[in-house]
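Down below is the structure, laid out as structure tokens.
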Amino acid sequence: MSTTVCQHALTSARRLGYGGQQALANSRWPENQEDIMDTDVVVVGAGPTGLLLAGDLATAGVRVTVLEKRPAGLSNLTRAFAVHARSLEVLDARGLADELLGKGQPVDRLRLFQRLTINLKELPSRFQYVLVAPQYEVERLLRRRAEEAGAVFRHDAEVTGLTQDGLGVTVTTADGSTLRAEYVVGTDGVHSTVRDAVGIPFPGRAVIRSMVLADVRLTREPPDLLTVAAANDSLGFLAPFGDGWYRFIGWHGNRDVGEDEPVDLDEVRSIARATLHDDYGMAEARFLSRFHADERQAPTYRKGRVLLAGDAAHVHSPAGGLGMNTGLQDAANLGWKLAAALRGVDILDSYDAERHPVGRQVLRASGGILRIATRQGPLIAALRTAVIGMVSQVSPIRRRAALTVSALGVAYPSPRGAHPLVGTRARDLPLEGGSRLAEALRAGRFVLVAPAGAPVPEMGRAPGEVDPAERVLVRRADGGATTLLVRPDGYFADAAPAA
């Protein structure tokens with residue numbers, strides 16, 4: 001990529017208008033007026049990644065249609081259960097975090113392998129914990145936001161193929177109908193039809209088979225809120241939803257059966273006793289399944305006018321609970337860039353340049369946790385003990401582990417000579433009047449934060465540009481001495497001394 005997104009930031013902020021009718025009025029339509037688009041963007045897949053992306057696009061005034069092969073209203077009791085701090089910040093910048101907190105259980109410490117505790121109370125965030133909440137609650141909030149912003153949903157709409165040209169993409173569904181859009185985003189999971197249709201490979205392998213997944217009730221409360229344990233050639237994970245139900249993920253190394261093999265509560269209890277040394281009186285299950293974990297990543301997240309996000313772009317083991325979170329952050333990065341492309345500022349290559357390395361890092365982190373937990377033998381046991389001891393005793397390593405799992409440590413490349421803040425995550429700064437940066441970001445625009453009393457940089461209006469009030473929100477900081485330009489996804493685009 002010859003030019004980074006940070007170099008485009010000020011230009012983009014000057015040219016882009018976000019939100020409502022003003023944004024629609026500035027949309028870029030195909031030069032060939034006979035090529036009328038049915039919609040601006042088609043999002044394939046209505047999981048958390050697709051729903052957040054659809055909401056961001058609709059908030060920016062983009063016409064977006066979501067295609068989902070599941071029938072409307074079908075319950076989605078799925079594997080994801082952990083919402084990490086950075087994802088909660090992303091949801092906070094959309095006005096959803098506080099409501100989600102009422103649907104889950106905050107956990108401020110992680111207990112790993114009986115000997116390592118990671119304290120999340122020191123995270124540099126408003127959210128100093130991981131929230132254990134069912135994925136369907138996350139989806140419910142994101143779906144409501146997207147619908148209220150104007151996103152259109154079509155269920156029972158299985159995508160069977162697509163073709164693209166210089167102006168747009170034509171999507172075909174199982175009933176033979178077609179939909180024409182300027183861009184298509186595949187958020188349709190590990191078996192992505194969109195990814196296959198454009199010929200993007202998905203290299204990797206299955207790393208662990210025959211894992212069991214269960215939502216259970218306990219008659220005895222576990223001593224630790226969130227526990228990961230490995231023993232007796234087995235792996236166990238237990239976390240509370242806060243409503244009386246617990247999520248258990250387990251694996252027994254000596255039991256390698258197909259995913260179609262039924263799971264019963266006795267098997268779950270057996271793995272719990274082998275790893276946690278207690279089944280805590282598991283008495284009822286509302287959900288039981290068996291699955292395998294893959295480690296795969298697409299070599300690119302973009303091919304022409306087609307992009308990938310979430311599990312369609314990367315998939316890994318459930319260790320660390322990173323899957324849904326990485327997808328949500330993919331969507332937050334991509335949404336404003338797609339809106340920019342529809343208004344003539346094409347910075348879409350920066351999506352792959354920024355998010356592909358993050359996906360690779362997540363694969364390494366989750367894979368490392370899994371291998372430490374499951375591999376056996378005296379050398380592996382010694383290595384596990386050494387790693388746990390080092391992380392436990394060395395504060396910088398322990399802090400780095402917490403920042404990695406929470407995704408608060410993610411930063412994007414910046415141009416040479418840029419301010420050190422450029423490309424880093426913007427903390428939720430207090431603003432004058434008692435508001436916060438996260439609240440300002442809910443408009444989906446760039447936010448210029450000027451120190452109290454400092455002059456605000458001039459934002460003139462060139463021919464063809466939208467009014468400054470439509471492209472950048474200007475707010476005053478409650479303290480500080482640096483003028484900050486924050487991207488719509490909550491990362492610094494530029495920074496300079498107040499003067």
Could you tell me whether Arg94 and Asp56 have a side-chain N and a carboxylate O separated by less than 4.0 Å? yes
Only residue of Leu100, Thr49, Leu96, Leu53 satisfying side chain to side chain contact (heavy atoms under 4.5 Å, CB included) with Leu142 is Leu96
Side chains of Lys303 and Val194: does their closest heavy-atom pair fall under 4.5 Å? no
> Is the shortest heavy-atom distance from the side chain of Leu338 to the side chain of Leu307 under 4.5 Å?
Replying inline: yes
Within the side chain of Thr404, is there an N or O that forms a donor-acceptor pair under 3.5 Å with the backbone of Arg400? yes
Separation between CZ (Phe153) and CZ (Arg143), nearest 0.5 Å, reads 4.5 Å
- Would you call Val44 and Thr193 a side-chain contact if the rule is heavy atoms closer than 4.5 Å? no
Quiz item: Quick one: does Pro488's side chain get under 4.5 Å of Phe446's, heavy atoms only?
Solution: yes
message = I'd like to know whether Asn325 forms a side chain to side chain contact (heavy atoms under 4.5 Å, CB included) with Leu322, so could you lay out the CA-CA distance, the side-chain angles of the two residues, the decisive distance to 0.1 Å, and finally the verdict.
response = CA-CA 5 Å; Asn325 294 274; Leu322 305 176; 5.5 Å; no
Residues Asp215 and Phe241: closest non-hydrogen pair is OD1-CE1, 3.6 Å
Closest non-hydrogen contact found for Asp352 with Arg302 is OD1-N, 4.3 Å
Residue set satisfying ring-ring contact (aromatic ring centres under 6.0 Å, His included) with Tyr491, at least two apart, ordered chain then number -> Tyr412
**Asked** Going through the checks in order, is the side chain to side chain contact (heavy atoms under 4.5 Å, CB included) test met by Lys337 and Arg487?
**Response** CA-CA 10 Å; Lys337 296 173 182 178; Arg487 304 180 345 180; 4.3 Å; yes
(message) Please determine whether a side-chain nitrogen of the Lys or Arg among Glu439 and Arg475 lies less than 4.0 Å from a carboxylate oxygen of the Asp or Glu.
(response) no
Measure from the side-chain N and O atoms of Gln164 to the backbone N and O of Val169, and report whether any donor-acceptor pair falls under 3.5 Å.
no
Q | 4.5 Å side-chain heavy-atom contact, His314 and Val362 | A | no
Heavy-atom nearest pair, Ser406 first then Leu123, reads OG-CD2, 3.8 Å
Item to complete: Could you walk me through whether Thr326 and Arg355 pass the side chain to side chain contact (heavy atoms under 4.5 Å, CB included) test, one step at a time?
Response: CA-CA 9 Å; Thr326 308; Arg355 293 304 300 172; 3.7 Å; yes
Taking every heavy atom of Ala58 against every heavy atom of Ala151, the minimum-distance pair comes out as CB-N, 3.8 Å
Those residues at least two apart in sequence (or on a different chain) that pass ring-ring contact (aromatic ring centres under 6.0 Å, His included) with His356 are Tyr301
| task | Answer yes or no: is there an ion pair linking Glu148 with Arg145, defined by an N-O contact shorter than 4.0 Å? | result | no
Rounded to the nearest 0.5 angstrom, the OG1-CG distance for Thr187 and Leu51 is 7.5 Å
Ion pair Arg442/Asp92, N-O distance below 4.0 Å: yes
Distance col, row Leu308:CG vs Thr300:OG1, nearest 0.5 angstrom, shows 8.0 Å
(Q) Closer than 3.5 angstrom, by distance alone: can the side chain of Arg305 be matched with the main-chain N or O of Gly166 as a donor-acceptor pair? (A) yes
In short, salt bridge (charged side-chain N to carboxylate O under 4.0 Å, His left out) pairs touching residues 414-423 with sequence neighbours left out are none
Check against side chain to side chain contact (heavy atoms under 4.5 Å, CB included), Asp478 and Leu431:
CA-CA 5 Å; Asp478 186 9; Leu431 305 178; 5.7 Å; no
Checklist entry - Under 30°, 30 to 60°, or over 60°: which ring-plane class applies to Phe127 and Tyr129, parallel, tilted or perpendicular? => result perpendicular
request  = For the residue pair Leu429 and Val486, establish whether any side-chain heavy-atom pair is separated by less than 4.5 Å.
outcome  = no
To the nearest 0.5 Å, atom OG1 of Thr65 lies from atom CZ of Arg154 at 7.5 Å
Only one of Arg427, His84, Arg86, Glu89 passes side-chain hydrogen bond (donor to acceptor under 3.5 Å, both in side chains) with Ser125, and that residue is Glu89
Sub-3.5 Å donor-acceptor pair from the side chain of Arg195 to the main-chain atoms of Ala312, do we have one? yes
Taken to the nearest 0.5 Å, the spacing of Glu182 CD from Arg63 CZ works out to 8.0 Å
Considering only heavy atoms from C-beta outward, does the side chain of Val152 approach that of Thr39 to under 4.5 Å?
-> no
Distance col, row Leu334:CG vs Leu348:CG, nearest 0.5 angstrom, shows 6.5 Å
Closest non-hydrogen atoms of Ala181 and Asp40, given as atom of the first, atom of the second and distance, are CB-O, 3.7 Å
Nearest heavy-atom contact between Leu120 and Ala402 is CD2-CB, 4.4 Å
Are side-chain heavy atoms of Leu213 and Arg247 found at a separation under 4.5 Å? yes
(Q) Checking the side chain of Glu432 only, and the main-chain atoms of Arg476 only, is there a donor and an acceptor separated by less than 3.5 Å? (A) no
Is there a salt bridge (charged side-chain N to carboxylate O under 4.0 Å, His left out) between Lys103 and Glu99 once you walk through the steps? CA-CA 7 Å; Lys103 303 297 183 181; Glu99 186 174 352; over 6 Å; no
### Task
Start with the C-alpha gap between Arg140 and Glu137, add the side-chain angles, then the distance that decides, and say whether salt bridge (charged side-chain N to carboxylate O under 4.0 Å, His left out) holds.
CA-CA 5 Å; Arg140 180 182 62 83; Glu137 292 289 358; 3.0 Å; yes
*May I ask you to decide if Gly310's main-chain N or O and Asp330's side chain share a donor-acceptor pair within less than 3.5 Å?*
yes
